[in-house]
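The structure appears right after this line, and notes come after that.
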2 protein chains.
Amino acid sequence: MNTYSIGEVARKMGLTVEAIRYYDHAGLLPFVKRDSGGRRRFTEDNMQLMQMILDLKRAGVSIKEIAYFVSWRMDGDDSLGQRYDFLDQHEKNLEDQIQTLEKSLSYLRFKKWYYKTALEAGTEQIHLMPDSTQVNPKTYKKYQSLINSGKSAKSLGDK
Amino acid sequence: MNTYSIGEVARKMGLTVEAIRYYDHAGLLPFVKRDSGGRRRFTEDNMQLMQMILDLKRAGVSIKEIAYFVSWRMDGDDSLGQRYDFLDQHEKNLEDQIQTLEKSLSYLRFKKWYYKTALEAGTEQIHLMPDSTQVNPKTYKKYQSLINSGKSAKSLGDK
DNA sequence: ATTTGACCTGTACTTAGCTTCAGGTGATAT
DNA sequence: ATATCACCTGAAGCTAAGTACAGGTCAAAT
C-alpha cells in the first residue's frame, strides 16, 4: 500500500505543511502512522478522512468540534447517533448562515442601486432628507416598488 | 433633537458598550459628537449610520474596510464611485460565500443520510470497503440515485 | 564525506475582534 | 456629603487558526 508524506499531502490538498501539523496537534489526525524515522505517512484511507475534515471546516465547523467528531469516529458504531446529531445541528447552523447572508446580499444590492442612481444624479442628495445625512423614506419606497414591478434585485444596481 | 448615550445605543442595537467604543476607536464612528463632559451623544442620524455599519459587518466586511467606507462617506459626493465599486466587490464576495455554504450544506446532508442509514443498519460497515475505513463508492452512487429519483436532499437524512 | 532537502519538535509571534481591568470624572439619589 | 452609576481612557488579556523560527534527525546526491 503506497503512502504519502506530509509534503505530498499538503500539495494535493492545497494546505501548508505547518497547517497539517497544527491539525495533528489539535487532535484531528490521530489515525496517521509514523515511519521508522518518526515521519508521518498518510494512506489513501487517511486522505479521505483528511478530506472529510476539510469539508467540515469549509462548513464552518471549528477545529475543536471536528476533533470531537474524529474521536467519536475512533469509538466505532457506538457513536453513530452522536455523529448524526452533530451533523444535524450543523445543518441547521449552515441553513441559518445562508439565510443571514441572503439578507445581507439584498441589503448590499439596495445600496448598489442607491449609489448607482446617486452617481447618475451626480449627488447623494437625491436620497437624503433636507439638511441631514439621513436617508429619505421615499428612497426605500422607490426601490421597493422597482423590486415589486418584477425587476431582479441583482440587476437593479448594475451600471 | 434628542440624542442617545452609548448605553442606550448598546441596548437598542444589541451590542456591548465596549464594542461600540472599540468601533469608535477603529474609526467607524467619526461622526459621533461629545457632550460637555466628554460623553458620546448619538443622534437618530448617527444611529442610521451605525445600523449601516452593522449591516456591512453582517455581510462579512471587516472593520478596517468599513472604516474606509465610512471615511469615503465623509468625503461627500466625490467618493460615490468608490463606494459603488466597494459594494460591487462585496456583492461578489457574498455570492461566492453563499455558493460555498450551499456546497457544504449538500455535503452535510449526504453525511446525515449516511449516518441515518448506518444507524438503521446498526453499523457503519454497510458503507465501508471490506477491511478498511474507506467509504465504498457504491454508497455515493446509492445516494446520487436517490437524489436523482426526485427526493429532496433536505429530507433524505431526516430520522 | 559533506551538504542538501524534507522532515521533526517546541515555542513564540500574528491578526481580528473583541473583553477585562485599573484608575478617573461627573451627575444624581439618599 | 457620600455613595452609586454611567460614562471616560489606556493598556493588557483572550480565542481561533494558523505562521515563523530555532535547533535537531535522517536519507539521498555530489
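Just so it is clear: chains get the letters A, B, ... in the order the sequence lines come, proteins before strands, and each one is counted from 1.
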Does [X] make a side-chain N or O approach to OP1 or OP2 of [N] shorter than 4.0 Å?
{"X": "A:Ser5", "N": "C:dC7", "answer": "yes"}
{"X": "A:Tyr23", "N": "D:dG18", "answer": "yes"}
{"X": "B:Thr16", "N": "C:dC18", "answer": "no"}

### Task
List in chain and number order the residues that pass side chain to side chain contact (heavy atoms under 4.5 Å, CB included) with A:Leu15, two or more places apart in sequence or in another chain; answer none if no residue qualifies.
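If we apply the side chain to side chain contact (heavy atoms under 4.5 Å, CB included) test to A:Leu15, skipping adjacent residues, the hits are A:Met13, A:Ile20, A:Tyr23, A:Met50, A:Leu54.
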
### Task
Just report the end-to-end axis angle for the helix from C:dA1-D:dT30 to C:dT30-D:dA1, five pairs per end, to 10 degrees.
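Nearest ten degrees gives 20° for this helix.
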
Out of [options], which nucleotide sits closest to the side chain of [X]?
{"X": "A:Ile6", "options": "D:dT9, C:dC7, C:dG17", "value": "C:dC7"}
{"X": "A:Lys57", "options": "D:dC8, D:dA17, C:dC18", "value": "D:dA17"}
{"X": "B:Val17", "options": "D:dA16, D:dC7, D:dT19", "value": "D:dC7"}
{"X": "A:Arg34", "options": "C:dA27, C:dT19, C:dC8", "value": "C:dC8"}

[X] [atom1] to [N] [atom2]: how many Å, rounded?
{"X": "B:Ile66", "N": "C:dG17", "atom1": "CD1", "atom2": "P", "value": "8 Å"}
{"X": "A:Tyr4", "N": "C:dA6", "atom1": "OH", "atom2": "P", "value": "19 Å"}
{"X": "B:Ile53", "N": "C:dC18", "atom1": "CD1", "atom2": "P", "value": "12 Å"}
{"X": "A:Asp24", "N": "C:dT9", "atom1": "CG", "atom2": "P", "value": "8 Å"}
{"X": "B:Arg11", "N": "D:dC7", "atom1": "CZ", "atom2": "P", "value": "7 Å"}
{"X": "A:Glu18", "N": "C:dT11", "atom1": "CD", "atom2": "C1'", "value": "14 Å"}
{"X": "A:Arg21", "N": "C:dG10", "atom1": "CZ", "atom2": "C1'", "value": "11 Å"}
{"X": "A:Leu15", "N": "D:dG18", "atom1": "CG", "atom2": "P", "value": "8 Å"}

#### Entry: Test of ring centre spacing under 6.0 Å for B:Tyr68 and B:Phe86
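That pair fails the under 6.0 Å test.
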
### Message
Taking the ring of B:Tyr114 and the ring of B:Tyr143, is the distance between their centroids below 6.0 Å?
### Response
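No, ring centres 6.0 Å or more apart.
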
### Heavy-atom donor-acceptor pair, B:Gln48 side chain to B:Asp45 backbone, under 3.5 Å
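Checked: no pair found.
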
### Task
Test salt bridge (Lys or Arg N to Asp or Glu O under 4.0 Å) on A:Asp88 and A:Lys92 and set out the steps.
CA-CA 7 Å; A:Asp88 192 48; A:Lys92 289 184 178 56; 3.1 Å; yes

### Message
What's the separation between atom CG in B:Leu29 and atom CZ in B:Arg21, rounded to the nearest 0.5 Å?
### Response
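If we round to the nearest 0.5 Å, B:Leu29:CG and B:Arg21:CZ are 12.0 Å apart.
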
### Message
List the residues meeting side chain to side chain donor-acceptor pair (under 3.5 Å) with B:Thr123, not counting sequence neighbours, and say none if there are none.
### Response
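B:Thr123 satisfies side chain to side chain donor-acceptor pair (under 3.5 Å) with A:Asp77 once adjacent residues are dropped.
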
### Query
Given B:Ile98 and A:Glu102, is the side chain to side chain contact (heavy atoms under 4.5 Å, CB included) satisfied, shown in steps?
CA-CA 8 Å; B:Ile98 290 172; A:Glu102 295 282 9; 3.8 Å; yes

### Message
Using heavy-atom distances to pick each residue's nearest nucleotide on DNA chain D, tell me which of A:Ser36 and A:Tyr22 is more 5'.
### Response
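Closer to the 5' end of DNA chain D: A:Tyr22.
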
### Message
By nearest heavy atom, map A:His25 and A:Arg39 onto DNA chain C; which one lands nearer the 5' end?
### Response
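Looking at DNA chain C, the more 5' nearest nucleotide goes with A:Arg39.
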
### Query
Under 4.0 angstrom, heavy atoms only, what part of the nucleic acid is A:Gly38 near: base, sugar-phosphate, or nothing?
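Touches sugar-phosphate only.
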
